[in-house]
Amino acid sequence: MQSYLNPQQHAAIINPHKRLLVLAGAGAGKTRTLIEKINNLIANEGVNASEILAITFTKNAANEMVDRLILTEDKTGQYQKIIESKMPQKAKEIERQNFIARTPWLQALTISTFHSLCYRILREDGVSEFDNKFKVITDEVKKADDPILPFETNESIQEVIQKLLIELCEDRDYLISLKRHILEHFARKERKIGTKMLSDYEDGKYYTSLNGTQVRSKSEQYIADWLYRHNIAFQYEGILTVDNDFSFRPDFYIPEANLYIEHVSDKSYPMKQKIEQFEKGGKTFVRTLEVMTNDSREFNSALERIIKDRLPAIYHKETALYYNEEFKGYHKDIKEFLKQAMRVNDMIVGDNISFDDVAAKASKDQHERIRDFYQLVIPLLKKYETYCVNKSYLDFNMMVNRAVNLLRNQKDIQSKYQLRFKYILVDEFQDVNHQQVELIKLMLHEQTQLFCVGDDWQSIYGFRGSDVSYIVEFEKHFSPSETIKFNYNYRSTDKIVGASNEVIKNNKYRIDKEISAIKVSPEKIVVFNGSHINENIRLCVEQVKQLVDAGMNQEDILFLYRRTNMYIPYGEALEANHLKVTRRTIHGAKGLEAKAVFLIGMTEGNEGFPDIWLEDRLFQIVKETNHDMLLEEERRLFYVAITRAKEKLFLVTEKGRESSFIKEIPQNYMVRTSVILAQEPEEPLEKLCPQCGSQVERIWKFCARIVIKFYKKIFDV
């Protein structure tokens with residue numbers, strides 16, 4: 001980290017504007033600026049620490065902010081050693097709290113995630129909105145000695161939603177509808193061999209009835225389901241032999257009624273011989289016609305007339321169906337259904353949309369699958385909400401919504417927080433969603449100073465609800481506002497920064513920035529373009545060896561990938577060569593940096609990068625996306641990936657399948673190769689200019705920028 005503030009950082013820190021957005025590119029010192037803003041408010045402007053609220057997105061980010069503030073206070077160097085040590089995280093947390101306890105102003109300062117902030121608001125002042133003795137329900141039940149928050153439930157979200165689904169299935173119609181949906185859209189018996197999908201279905205039997213029988217048509221599926229729902233045993237396509245020289249398979253045989261049913265459609269085989277055999281053998285049979293299935297009510301009545309009087313007197317029209325019996329063998333499919341249901345729930349609650357509005361929209365969809373899914377899911381989600389209210393449970397999304405409702409509905413509580421926090425600082429503002437922005441707005445008074453730091457170029461969490469429009473259109477939401485842009489990258493070399501600038505220019509929905517690198521290097525980005533993956537693996541392994549031999553620590557080498565499965569063969573090869581490889585998905589690498597970065601899987605098309613995957617239409621019902629929006633987010637993801645590299649960047653692709661993102665990098669920034677590049681031993685970085693922090697040539701005391709600025713000032717040009 002640089003030991004000074006450049007003019008842009010200094011201007012942001014002392015700027016008194018009430019609505020300020022700091023747009024800082026990758027490696028521009030965003031977190032440092034936010035930390036120094038807090039220090040300046042307390043040390044130079046006489047602000048009480050209790051008046052400051054700093055909001056982050058993750059607990060780790062909040063801890064990092066606290067650690068940096070402790071380091072500014074600790075003159076002994078003891079805390080720096082603790083941070084760099086390998087002691088367990090729990091032990092570090094204890095030390096962190098001990099240092100905070102010894103520093104009154106740090107105790108008074110509020111640094112919190114959005115969820116923790118809402119938790120505190122509801123605990124302290126939420127009685128009019130919700131039970132303030134609520135319990136937090138999460139994806140997993142934590143161990144008693146490792147709670148994520150106090151007052152956690154002893155059941156997980158998954159356990160509750162499964163229990164509620166079973167309760168809904170006590171309604172016979174709901175259970176049957178659910179089973180039909182699971183069988184048709186989740187329990188497909190397909191497997192992939194090479195590039196081909198092979199089916200486990202018997203020849204021509206592509207439809208599965210409620211009792212698992214595979215049949216040949218939707219109409220036959222309907223008949224089989226009707227029989228199952230009415231507890232009538234049947235055989236499907238059993239062999240019937242009357243004459244020894246002729247056997248055939250009637251569609252349905254009902255033993256209790258001694259009745260055969262032949263369903264006739266335009267796909268049926270000629271009936272003449274079958275009829276002759278039925279009559280010759282004295283078999284009772286009836287025909288159902290495809291045209292009868294056009295009206296389900298009429299078809300039901302027809303089946304009643306055909307079968308009812310032929311059944312024994314003890315026949316009961318319906319029998320009880322039980323969840324455990326009906327879904328035996330389908331637990332994995334039910335789990336996937338519930339996963340989709342909770343994904344929809346998060347989207348609905350995160351954007352504060354009405355369940356009824358979603359249901360109404362889904363009911364008009366042209367596809368039966370979509371309509372059926374929401375007919376099943378919306379009652380489940382409503383039941384989950386009711387259950388949580390009854391039990392005094394809140395999940396993370398609910399906490400934000402309840403806090404927003406509290407501040408919106410209770411003006412005295414809103415006023416309390418507006419007066420308490422006169423300075424609100426938000427880190428990673430590009431990641432906010434609708435309800436988080438609403439919370440910020442409700443906590444603002446006209447005299448509150450809002451200081452937001454972020455980078456629209458690094459907005460990569462649209463899939464979990466973040467909306468880049470809030471940072472791109474900051475003025476629209478927080479007017480009147482001012483924006484300060486940070487134009488220096490202190491992390492990466494000029495080639496990496498130049499390449500990232502050119503790539504992101506292909507996005508239309510962005511704020512213009514031109515980022516300049518402080519570090520200058522003759523070394524270009526390396527594109528490994530082997531003929532196949534095995535060649536690329538060999539190139540990467542050999543390159544890592546050379547980097548290590550040249551003096552680079554293995555901890556300074558980072559492998560990044562779009563999807564986890566991309567890394568598996570690389571990881572195996574590195575391990576076989578006793579090479580150790582920090583590794584992350586690109587999403588998981590946000591905020592990280594490394595001297596050398598290998599970005600693998602840079603191929604075009606399926607399982608490559610960009611990975612444009614238009615979400616299932618199920619989710620489009622709640623929030624629509626399009627190809628261009630997804631491509632722009634993929635490009636921002638690529639920007640994040642390449643700007644993790646401080647000195648060396650390797651893009652790993654394949655001949656003939658090169659990613660379109662690589663093609664967006666100008667040729668002068670990179671070199672393509674399928675051989676290993678020799679590495680010189682590492683040398684210390686050149687000294688930095690004491691005025692602006694730029695890299696200084698060895699023969700100069702100041703950088704060229706300062707010299708030019710000096711002469712311009714003298715000669716007034």
Side-chain angles (χ1 to χ4, degrees), residues 26 195 457-464 466 468 492 496 499-510 525-537 539-540 543 557-571 573-574 581-594 596-615 625-645 648-667 669-674:
T195 59
W457 295 3
Q458 297 187 70
S459 179
I460 60 174
Y461 294 115
F463 68 95
R464 71 181 189 195
S466 69
V468 70
S492 307
I496 296 170
S500 67
N501 282 337
E502 293 302 314
V503 166
I504 208 68
K505 284 178 182 176
N506 290 279
N507 273 8
K508 295 178 182 178
Y509 194 59
R510 62 182 172 83
I525 297 168
V526 177
V527 179
F528 279 148
N529 56 353
S531 298
H532 47 76
I533 188 172
N534 289 335
E535 186 175 351
N536 281 333
I537 292 171
L539 287 169
C540 288
Q543 194 69 63
I557 301 171
L558 175 63
F559 272 74
L560 295 179
Y561 37 87
R562 180 66 180 86
R563 302 282 182 194
T564 303
N565 62 351
M566 292 177 175
Y567 178 75
I568 294 172
Y570 288 86
L574 290 165
V581 211
T582 308
R583 61 184 182 90
R584 291 284 192 282
T585 63
I586 304 171
H587 284 100
K590 186 84 180 300
L592 296 182
E593 59 183 36
V597 168
F598 289 78
L599 180 51
I600 62 175
M602 290 298 302
T603 56
E604 195 73 7
N606 290 338
E607 299 183 355
F609 188 28
D611 185 3
I612 306 299
W613 181 47
L614 276 170
E615 290 273 34
T625 57
N626 60 49
H627 184 275
D628 289 343
M629 288 168 55
L630 293 172
L631 178 59
E632 292 211 352
E633 180 149 322
E634 286 291 295
R635 188 175 284 112
R636 293 195 294 268
L637 194 61
F638 181 57
Y639 174 86
V640 167
I642 62 179
T643 55
R644 300 310 94 196
K648 302 175 188 293
L649 176 60
F650 301 91
L651 304 179
V652 186
T653 184
E654 293 176 24
K655 286 181 181 176
R657 296 187 61 208
E658 189 172 286
S659 168
S660 56
F661 286 163
I662 295 179
K663 299 180 190 300
E664 293 175 357
I665 300 175
Q667 291 294 325
Y669 289 123
M670 62 183 180
V671 57
R672 288 182 172 86
T673 183
S674 57

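These values consider heavy atoms only, across backbone and side chains, with no hydrogens, waters or symmetry-generated copies.
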Asks: Working to the nearest 0.5 angstrom, can you tell me the gap between F609 CZ and I586 CD1?
Replies: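 Reported value, rounded in 0.5 Å steps: 4.0 Å.
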
Asks: Does the side chain of R510 come within less than 4.5 Å of R636's, by heavy atoms?
Replies: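 With C-beta onward as the side chain, the pair stays apart.
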
Asks: Going by side chain to side chain donor-acceptor pair (under 3.5 Å), name the residues that satisfy it together with R583, two or more places apart in sequence or in a different chain.
Replies: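 So R583 forms a side chain to side chain donor-acceptor pair (under 3.5 Å) with Y561.
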
Asks: Within the distance-only criterion (no hydrogens, no angle test), does the side chain of E604 pair as donor or acceptor with the backbone N or O of S660 below 3.5 angstrom?
Replies: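 Judged by distance alone, yes, a pair lies under 3.5 Å.
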
Asks: Would you check if F528 and Q543 make a side-chain contact, meaning some heavy-atom pair closer than 4.5 Å?
Replies: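 F528 vs Q543: side chains touch.
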
Asks: Any side-chain heavy-atom pair from I600 and N536 closer than 4.5 angstrom?
Replies: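 No; the side chains remain at least 4.5 Å from each other.
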
Asks: Hey, could you give me the CD1/CE distance between I612 and M629, rounded to the nearest 0.5 Å?
Replies: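 Rounded to the nearest 0.5 Å, the CD1-CE separation comes out at 11.5 Å.
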
Asks: Among all residues two or more places apart in sequence or in another chain, which pass the side-chain contact (heavy atoms from CB on, under 4.5 Å) test with I533?
Replies: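 side-chain contact (heavy atoms from CB on, under 4.5 Å) list for I533, sorted by chain: I537, P569, Y570, E654.
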
Asks: Is there a side-chain contact between L560 and R584, using heavy atoms and a 4.5 Å cut-off?
Replies: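 Yes, at least one pair of side-chain atoms sits under 4.5 Å.
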
Asks: How close do S674 and L539 get, heavy atom to heavy atom, and via which atoms?
Replies: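 Between these two residues, the closest heavy atoms are O-CD2, 3.4 Å.
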
Asks: Hey, could you give me the CD1/OG distance between I642 and S492, rounded to the nearest 0.5 Å?
Replies: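 The OG atom of S492 is 8.5 Å from CD1 of I642, to the nearest 0.5 Å.
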
Asks: Would you find more than 12 non-hydrogen atoms of other residues, nucleotides or ligands less than 6.0 Å from N565 atom CG?
Replies: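 Yes, CG of N565 has more than 12 neighbouring heavy atoms, counting only those of other groups under 6.0 Å.
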
Asks: Once side chain to side chain donor-acceptor pair (under 3.5 Å) is applied, do any residues pair with R563, and if so which ones, sequence neighbours excluded?
Replies: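 With sequence neighbours excluded, R563 shows a side chain to side chain donor-acceptor pair (under 3.5 Å) to D611, given in chain and number order.
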
Asks: Between Y639 and I460, is there a side-chain heavy-atom distance shorter than 4.5 Å?
Replies: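 Sidechains of Y639 and I460: no contact.
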
Asks: Please test L574 against Y567 for side-chain contact (heavy atoms from CB on, under 4.5 Å), starting from the C-alpha separation and ending with a verdict.
Replies: CA-CA 10 Å; L574 290 165; Y567 178 75; 3.8 Å; yes

Asks: Would you please name every residue forming a side chain to side chain donor-acceptor pair (under 3.5 Å) with N529, sequence neighbours left out?
Replies: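 Applying side chain to side chain donor-acceptor pair (under 3.5 Å) to N529 gives none.
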
Asks: When rounded to the nearest 0.5 angstrom, what distance separates CG in N506 from CZ in F661?
Replies: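 Reported value, rounded in 0.5 Å steps: 9.0 Å.
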
Asks: Taking the side chain as everything from C-beta on, heavy atoms only, tell me whether E632 gets closer than 4.5 Å to V468.
Replies: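 SC-SC contact between E632 and V468 ruled out.
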
Asks: Taking salt bridge (Lys or Arg N to Asp or Glu O under 4.0 Å) as the test, write out the residues that go with R644, two or more places apart.
Replies: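 Scan of R644 (salt bridge (Lys or Arg N to Asp or Glu O under 4.0 Å), adjacent residues dropped) gives none.
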
Asks: Taking T603 for the side chain and R657 for the main chain, is one N or O donor matched with an acceptor at less than 3.5 Å?
Replies: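 No; judged by distance alone, with no hydrogens or angles, the pair does not exist.
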
Asks: Rounded to the nearest 0.5 Å, how far does CG of L651 lie from CE of M670?
Replies: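 The CG atom of L651 is 8.0 Å from CE of M670, to the nearest 0.5 Å.
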
Asks: Locate the shortest heavy-atom distance separating E658 from R672; write the atom from each residue and the value.
Replies: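 Smallest interatomic distance, heavy atoms only, reads OE2-NH2, 2.6 Å.
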
Asks: Which residues satisfy the side chain to side chain donor-acceptor pair (under 3.5 Å) test with K505, sequence neighbours excluded?
Replies: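 Expected list: E502.
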
Asks: State the NZ-CD distance between K655 and E535, to the nearest 0.5 angstrom.
Replies: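 The NZ atom of K655 sits 6.5 Å away from the CD atom of E535.
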
Asks: How close do I525 and A499 get, counting heavy atoms only, and between which atoms?
Replies: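 So the two residues come closest at CD1-CB, 3.5 Å.
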
Asks: After noting the C-alpha distance and the side-chain angles of N507 and W457, does the key distance pass the side-chain contact (heavy atoms from CB on, under 4.5 Å) rule?
Replies: CA-CA 9 Å; N507 273 8; W457 295 3; over 6 Å; no

Asks: With under 30° as parallel and over 60° as perpendicular, where do the rings of F559 and F598 fit, or are they tilted in between?
Replies: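 The rings of F559 and F598 lie parallel, inter-plane angle below 30°.
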
Asks: Test side-chain contact (heavy atoms from CB on, under 4.5 Å) on K590 and Y461; report intermediate values, then the result.
Replies: CA-CA 11 Å; K590 186 84 180 300; Y461 294 115; 3.7 Å; yes

